[in-house]
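What follows is one structure encoded as structure tokens, with my remarks underneath.
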Amino acid sequence: MNDQMMNKFQHELDSEKVDNAIKLQDKLKLMIQKCHDARPGAVDTRGRKLYSALRKKALQMRQDLITQREAAGMSSDAAGIVEAAFPIPPNV
């Protein structure tokens, strides 16, 4: 009985990790889109600051996603897969 409870708990925990990774992935997609949207306006100091702040946030979110995917056991090369799937626009 105790093994069944632990297996059920582990399954729920693994499922939650995957769900969290998927949610973070969706948020990252939105942040990358915000970077693309802000890039044309990065022609003055204010625009560059906004773009840089969004880009920094996107980079952090991508790193968080890599960590989350690794924790969920979703990939042996989480960094390579996530970086290829979610390219961050270059600095301006």
Output side-chain donor-acceptor pairs under 3.5 Å for residues 46-57, partner residues at least two apart or in another chain, one line each.
unit_1: Arg48; atom_1: NH1; unit_2: Val43; atom_2: O; d: 3.1
unit_1: Tyr51; atom_1: OH; unit_2: Pro90; atom_2: O; d: 2.5
unit_1: Ser52; atom_1: OG; unit_2: Arg48; atom_2: O; d: 2.9
unit_1: Arg55; atom_1: NE; unit_2: Pro89; atom_2: O; d: 2.6

Co-members of Met74 in a cluster of I, L, V, M, F, W and Y side chains, linked at under 4.5 Å: Val18, Ile22

Heavy-atom side-chain contact between Gln63 and Leu59 under 4.5 Å: no

Inter- and intrachain pairs under side chain to side chain donor-acceptor pair (under 3.5 Å), touching residues 30-41, at least two apart: Gln33-Asp37

side-chain contact (heavy atoms from CB on, under 4.5 Å) partners of Leu30, counting only residues at least two apart: none

Nearest heavy-atom neighbours spanning Pro87 and Arg62: CA-NH1, 4.0 Å

Side chain proximity check, Met61 to Phe86, heavy atoms < 4.5 angstrom: no

Listed partners of Ala78 passing side-chain contact (heavy atoms from CB on, under 4.5 Å), at least two apart: Ile66, Arg69, Glu70, Ser75

Pairwise distance NZ(Lys23) to CG(Asp26) - rounded to 0.5 angstrom: 10.0 Å

Those residues that, when tested against Glu16, pass side-chain contact (heavy atoms from CB on, under 4.5 Å) (two or more places apart): Asn20

With Asp64 via side-chain contact (heavy atoms from CB on, under 4.5 Å) - residues at least two apart: Leu24, Gln60

